[in-house]
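If you read the sequence from its start, that first residue is 1, and numbering goes on from there. Below, each value reflects all heavy atoms present in this structure, side chains not excepted, and no hydrogens, waters or symmetry copies.
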Amino acid sequence: HTITASKTGYVSASSPQVNVSVGQTLNNIDLIITPNASTINGTVRSNGQPVYQATVTARKISTGTITTVQTQQNGTYSFGLSFGNYWVKSEKTGLISTPPESIEVNINPGQTVNNIDFNLIPNIGYISGSVLHNGQAVSYAQVNLTALSDPSIVFNTQSNYYGTFNISVTPQYQYKITVSKTGYVSAADTSDNVQPNTTQEFTFSLTQLQSQLKGKVYALPDSTAIHL
């Protein structure tokens, strides 16, 4: 006789030929079946477009084993893994994943799980605003942004002809925003914590400095100063 063991998702195993007599009991006829590789497939996109060479990581929850692949030109990826539970995430320099950043996937032996997809967004925040005086645009004012928790992170720009500005900044920071222009009192405000791919908007009203004229009055013919 030949004894065969099989199960969905596993490679079947068979014993060598076994001869058994009437009434005989044979022990330890053990068979080992091997699980087929399991597969996780998906696509990584950003703004609806495929992301090439994004890194996709699968971490097996039970062992911590990490497997990585990179996406193809059409944004797709495929893992061949042993069965179990995994956390899967995607990343690429300059981009971050929208929530959920990691997806838990449970795969059985030989199973294929499709459509584990990720959407990446630019890891950039934006601050925009208007610079005004009495409701009128102030052109070419200097705009300085300094991160509150790290003063080495600084961004500078100018308001345009129409008095507006828009600047990209490193996200996850609050910024002190200072607007200045010769002849005006400077104005300042503080942003909230800037989130990736979002814009915070501000309006700055500058006050014009008072003008002054100074001089002396002299009388002819000897140019004696006259005190008024």
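Note on V69: it clusters hydrophobically with I40, by side-chain heavy-atom contacts below 4.5 Å among ILVMFWY residues. Placement of V143 and I153 within a single hydrophobic cluster is found when ILVMFWY residues are connected by side-chain heavy-atom separations under 4.5 Å, directly or transitively. Hydrophobic clustering (side-chain heavy atoms under 4.5 Å, transitive across Ile, Leu, Val, Met, Phe, Trp, Tyr) groups V194 together with Y173. Cluster annotation: F155 and F202 are assigned to the same hydrophobic cluster (Ile/Leu/Val/Met/Phe/Trp/Tyr, side-chain heavy-atom contacts under 4.5 Å, transitive).
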Contacts table for residues 100-107: side-chain donor-acceptor under 3.5 angstrom, sequence neighbours left out:
none

Identify every side-chain donor-acceptor pair in residues 175-184 under 3.5 Å, counting partners at least two apart or on other chains, and give the distances.
{"unit_1": "Y175", "atom_1": "OH", "unit_2": "T170", "atom_2": "N", "d": "3.3"}
{"unit_1": "Y175", "atom_1": "OH", "unit_2": "T170", "atom_2": "O", "d": "2.7"}
{"unit_1": "K181", "atom_1": "NZ", "unit_2": "S139", "atom_2": "O", "d": "2.7"}

Donor-acceptor pairs under 3.5 angstrom involving side-chain atoms of residues 158-167: please list them, not counting sequence neighbours.
{"unit_1": "S159", "atom_1": "OG", "unit_2": "V138", "atom_2": "O", "d": "2.9"}
{"unit_1": "S159", "atom_1": "OG", "unit_2": "Y140", "atom_2": "N", "d": "3.0"}
{"unit_1": "S159", "atom_1": "OG", "unit_2": "A141", "atom_2": "N", "d": "2.8"}
{"unit_1": "N160", "atom_1": "OD1", "unit_2": "Y162", "atom_2": "N", "d": "2.9"}
{"unit_1": "N160", "atom_1": "OD1", "unit_2": "G163", "atom_2": "N", "d": "3.1"}
{"unit_1": "N160", "atom_1": "OD1", "unit_2": "T164", "atom_2": "N", "d": "3.0"}
{"unit_1": "N160", "atom_1": "OD1", "unit_2": "T164", "atom_2": "OG1", "d": "3.2"}
{"unit_1": "N160", "atom_1": "ND2", "unit_2": "T164", "atom_2": "OG1", "d": "2.9"}

Side-chain donor/acceptor pairs under 3.5 Å, residues 41-51, sequence neighbours excluded:
{"unit_1": "N41", "atom_1": "OD1", "unit_2": "S78", "atom_2": "OG", "d": "2.6"}
{"unit_1": "N41", "atom_1": "ND2", "unit_2": "N114", "atom_2": "OD1", "d": "2.8"}
{"unit_1": "S46", "atom_1": "OG", "unit_2": "L120", "atom_2": "O", "d": "2.8"}

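The nearest pair of heavy atoms linking A187 to S205 is CB-O, 4.2 Å. Q174 and T190 get closest at one heavy-atom pair: NE2-CG2, 4.3 Å. Across all their heavy atoms, S38 and P109 have their closest contact at OG-CA, 3.7 Å. For the pair P171 and G125, the tightest heavy-atom approach, listed with the atom from each and the gap, is CD-N, 4.1 Å. Contact between S191 and I127 at its shortest, heavy atoms only, is CB-CD1, 4.1 Å.
Hydrophobic cluster membership for I96: I121 (Ile, Leu, Val, Met, Phe, Trp, Tyr linked by side-chain heavy atoms under 4.5 Å, directly or transitively). Residue L209 shares its hydrophobic cluster (ILVMFWY side chains chained together at separations under 4.5 Å) with V185. Apart from L132 itself, the hydrophobic cluster it occupies contains nothing, where clustering links Ile, Leu, Val, Met, Phe, Trp and Tyr at side-chain heavy-atom distances under 4.5 Å.
Applying the side-chain hydrogen bond (donor to acceptor under 3.5 Å, both in side chains) test to S62 and every residue at least two apart in sequence or in another chain returns nothing. Listed by chain and number, the residues in a ring pair (Phe, Tyr, Trp, His ring centres under 6.0 Å) with F79 are Y77 (sequence neighbours excluded). Scored by the side-chain hydrogen bond (donor to acceptor under 3.5 Å, both in side chains) test, N134 finds no partners at all (sequence neighbours excluded).
Within the structure, the ring pair (Phe, Tyr, Trp, His ring centres under 6.0 Å) test picks out no pair touching residues 100-125 (sequence neighbours left out). For residues 85-96, the set of pairs meeting the side chain to side chain donor-acceptor pair (under 3.5 Å) definition, not counting sequence neighbours, comprises S82-Y86.
Atom OG1 of T39 and atom CG of L81 lie 7.5 Å apart (nearest 0.5 Å). Expressed to the nearest 0.5 Å, how far CD1 of I66 lies from NZ of K60 amounts to 13.5 Å. Taking CD from Q53 and CD from Q72, the interatomic distance works out to 9.0 Å, rounded to the nearest 0.5 Å. In this structure, CD on E201 lies 4.0 Å from OG on S128, to the nearest 0.5 angstrom.
Using a distance-only test at 3.5 Å, with no hydrogens or angles considered, no donor-acceptor pair links the side chain of Q208 to the main chain of H133.
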